[in-house]
Number of protein chains: 2
Amino acid sequence: MSYIDKAFAALADPTRRRVMERLASGPKAVGEIAAGFPVSRPAISQHLKVLREAGLVADRAEGTRRVYSIDPEGLGPLRAWLDRFWGVALDAFQAEVEGDREEDEP
Amino acid sequence: MSYIDKAFAALADPTRRRVMERLASGPKAVGEIAAGFPVSRPAISQHLKVLREAGLVADRAEGTRRVYSIDPEGLGPLRAWLDRFWGVALDAFQAEVEGDREEDEP
DNA sequence: ACTTACGGTAAGCCATGAGTTACATAGATA
DNA sequence: TATCTATGTAACTCATGGCTTACCGTAAGT
């Protein structure tokens, strides 16, 4: 399973995306993250594990607490994958808007 | 279920991402897309339905064939969501690097 | 009109995954 | 040491989703 696979699978879950958004305002411990979520703390722990293995967050020990933060490196491949389409899709869109000419592509 | 939800859920499946990549080279009919995939044609039909409802592809009738193409508009929200983190995450990363500089000993 | 090509839909099977509770482990504190 | 706090893990349940086969509708060709 590639990094792209893991990253997309990780972000497919709405709760995990909310965790990411919560971490966007700065590193936080598990308890802080779990507070305000409608699910249990163990559930958040499991979500954080998925995000970590996808390279989207990093964690460090701080006493008995575990502080998680967004890992900028993990977002790169995602953006790259999307950007691969960006150009192509816009080109196709542009070509379509300008009117269908002969498809002279070799 | 928001567009972001649908878009991420749609792209979470590897087969659907491969469909997107295949469409990146230009619009194609269902049969053309299904050819070369290890799954059945109905499966591809179902995947295309998910992608369409997520706004990631558009379809038009062409005789008895149904031609699908990438919908550039659908990719926007995804990129926007990722970009929301881009700045914040890089800032956090920067701050962390500068803050840890004195206590970090390789 | 009959037939063929193309593709969407229904029903069922099975694997995966998100959630729960209960328990285990490590560091801080009295 | 005893214990409290903070978090990870195990075992289980239940819903979801991807795949298959079978079938149906529609457009084109004869």
Check your understanding: For DNA chain D, which residues in residues 45-54 of chain B have a heavy atom at a distance below 4.0 Å?
Key -> Gln46(B), His47(B)
Point to revise | Any side-chain heavy-atom pair of His47(A) and Asp13(A) under 4.5 Å | key: yes
Check your understanding: What nucleic acid atoms does Ala61(A) come within less than 4.0 Å of, heavy atoms only: base, sugar-phosphate, or nothing?
Key -> nothing
Practice item. Could you tell me whether the phosphate oxygens of dG19(C), OP1 or OP2, come under 4.0 Å of any side-chain nitrogen or oxygen in Ser40(A)? Key: no
Check your understanding: Can you find a donor-acceptor N/O pair under 3.5 angstrom joining the side chain of Arg66(A) to the base of dG27(C)?
Key -> no
Exercise for review: Any chance you could measure Arg18(B), atom CZ, to Leu23(B), atom CG, to the nearest 0.5 Å?
Suggested key: 12.0 Å
Point to revise | Rounded distance in Å - CZ (Arg18(A)) to C1' (dA18(C)) | key: 15 Å
Check your understanding: Pro42(A) has a side chain; which of dG18(D), dT20(D), dA22(C) sits nearest to it?
Key -> dA22(C)
Review point. Going by an N to O cut-off under 4.0 Å, is there a salt bridge joining Arg52(B) and Asp71(B)?
Key: no
**Study point:** Side chains of Tyr68(B) and Glu32(B) in contact at under 4.5 Å (non-hydrogen atoms)
**Key:** no
Review point. Got more than 12 heavy atoms from elsewhere within 6.0 Å of NZ, Lys49(A)?
Key: no
Review point. Taking only N and O in the side chain of Arg41(B), is any of them less than 4.0 Å away from OP1 or OP2 of dC19(D)?
Key: no
Check your understanding: Any side-chain heavy-atom pair from Arg41(B) and Ile33(B) closer than 4.5 angstrom?
Key -> no
**Study point:** Phosphate OP1/OP2 of dT29(C): any Thr64(A) side-chain N/O under 4.0 Å
**Key:** no
Review point. Reckon Tyr68(A) touches a base, only the sugar-phosphate, or nothing at all at heavy-atom distances under 4.0 Å?
Key: sugar-phosphate
Review point. Roughly how many Å is it from CG in Asp59(B) to C1' in dT9(C), rounded to a whole number?
Key: 15 Å
Exercise for review: Side chain of Val39(A) only, please: which of dT20(C), dT7(D), dG8(C) is the nearest?
Suggested key: dT20(C)
